[in-house]
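Step one of this worksheet: look at the structure below.
Heavy atoms only: backbone and side chains are in, while hydrogens, waters and symmetry mates are out.
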Amino acid sequence: MAFDKTAMVEQLSGLTVLELVELVDALKDTWGVEAAAAMPAGMMMAAAGAAPAAAAEEQTEFTVSIKSAGDKKLQVIKEVRSITNLGLKEAKDLVEGGGVVKEAATKDEAADIKAKLEAAGAVIEVK
């Protein structure tokens, strides 16, 4: 199997912050390495100098949006209603038109909402 760097970079570029965090955690669990260990020495020094600024800017609030209801629209509407406490018409409009399900969600809350809606068949974006 040939390694296609361009395809890998394109695929990684399309990931959300939450998906990147999950990827880093999976790599750490699988291989027992930290992401910084894979960086060249020059990049590690630059990252070490920028670490205090990066830590201060770490995202703590996420917005969960529906991009598509998928094939199981009724199940997605039911799940949106249970998450948001919206009425049937409001939830249906949100699912059909796409839009924000939850703003200012914590990382864990956003991951939970994403998992529930994707299990129901929706395509979700977390920013």
Side-chain angles (χ1 to χ4, degrees):
M1 179 170 92
F3 179 70
D4 185 358
K5 285 189 274 187
T6 304
M8 180 69 72
V9 169
E10 287 178 12
Q11 187 175 9
L12 290 173
S13 296
L15 295 178
T16 65
V17 172
L18 185 60
E19 290 169 329
L20 286 172
V21 169
E22 292 170 352
L23 175 62
V24 169
D25 290 343
L27 292 174
K28 187 163 62 170
D29 292 343
T30 302
W31 293 321
V33 296
E34 296 288 330
M39 288 186 201
M43 288 180 72
M44 285 182 11
M45 284 187 235
E57 296 177 23
E58 184 175 333
Q59 187 174 353
T60 58
E61 293 184 344
F62 299 86
T63 301
V64 182
S65 303
I66 293 181
K67 297 311 250 174
S68 166
D71 295 337
K72 303 174 185 174
K73 185 166 56 172
L74 184 57
Q75 290 172 322
V76 175
I77 292 170
K78 288 179 182 180
E79 198 60 53
V80 166
R81 289 190 69 203
S82 72
I83 293 167
T84 63
N85 294 321
L86 289 174
L88 180 60
K89 181 180 179 346
E90 292 83 5
K92 181 179 180 280
D93 291 344
L94 176 65
V95 169
E96 288 178 343
V100 175
V101 175
K102 176 82 176 180
E103 290 183 319
T106 64
K107 177 182 171 184
D108 292 337
E109 187 179 22
D112 184 50
I113 292 170
K114 180 180 183 210
K116 287 179 181 178
L117 291 172
E118 285 181 340
V123 177
I124 302 302
E125 178 179 65
V126 178
K127 290 184 184 178

Exercise for the section: Might you work through the side chain to side chain contact (heavy atoms under 4.5 Å, CB included) test for Arg81 and Leu88, ending with a clear yes or no? Expected result: CA-CA 7 Å; Arg81 289 190 69 203; Leu88 180 60; 4.1 Å; yes

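The CD atom of Glu90 lies 11.5 Å from the CG atom of Asn85; values are rounded to the nearest 0.5 Å. In this structure, OG1 on Thr63 lies 10.5 Å from NZ on Lys102, to the nearest 0.5 angstrom. Distance check, rounded to the nearest 0.5 Å: CG of Asp108 to CD1 of Ile113 gives 11.0 Å.
Partners of Lys73 according to the side-chain contact (heavy atoms from CB on, under 4.5 Å) rule, which considers only residues two or more places apart in sequence or in another chain, are Ala69, Ile77, Val95, Glu96. For the salt bridge (Lys or Arg N to Asp or Glu O under 4.0 Å) test, no residue two or more places apart in sequence or in another chain qualifies with Lys5. Applying the side chain to side chain donor-acceptor pair (under 3.5 Å) test to Ser82 and every residue at least two apart in sequence or in another chain returns Glu79. Residues satisfying the side chain to side chain donor-acceptor pair (under 3.5 Å) criterion with Asp93, sequence neighbours excluded, are Lys89.
Side-chain contact between Leu74 and Lys78: present, with at least one pair of heavy atoms (C-beta onward) separated by less than 4.5 Å.
For the residue pair Ala110 and Ala105, the shortest heavy atom distance occurs at N-CB, 4.1 Å. Nearest heavy-atom pair, Ser65 versus Val100, reported as atom, atom and distance to 0.1 Å: OG-CG2, 3.8 Å.
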Anything under 3.5 Å between a donor and an acceptor, one on a side chain of residues 115-127, the other on a protein residue two or more places apart or in another chain? List them.
{"from": "Lys116", "atom 1": "NZ", "to": "Asp112", "atom 2": "OD2", "distance (Å)": "3.4"}

Indicate every side-chain donor-acceptor pair of residues 7-24 with a distance under 3.5 Å to a residue at least two apart or in another chain.
{"from": "Ser13", "atom 1": "OG", "to": "Val9", "atom 2": "O", "distance (Å)": "2.8"}
{"from": "Thr16", "atom 1": "OG1", "to": "Glu19", "atom 2": "N", "distance (Å)": "3.2"}
{"from": "Thr16", "atom 1": "OG1", "to": "Glu19", "atom 2": "OE1", "distance (Å)": "3.3"}
{"from": "Glu19", "atom 1": "OE1", "to": "Thr16", "atom 2": "N", "distance (Å)": "2.8"}
{"from": "Glu19", "atom 1": "OE2", "to": "Lys114", "atom 2": "NZ", "distance (Å)": "3.2"}

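For Asp4, the CG atom sits in a packed shell: over 12 heavy atoms of surrounding residues, nucleotides or ligands are nearer than 6.0 Å.
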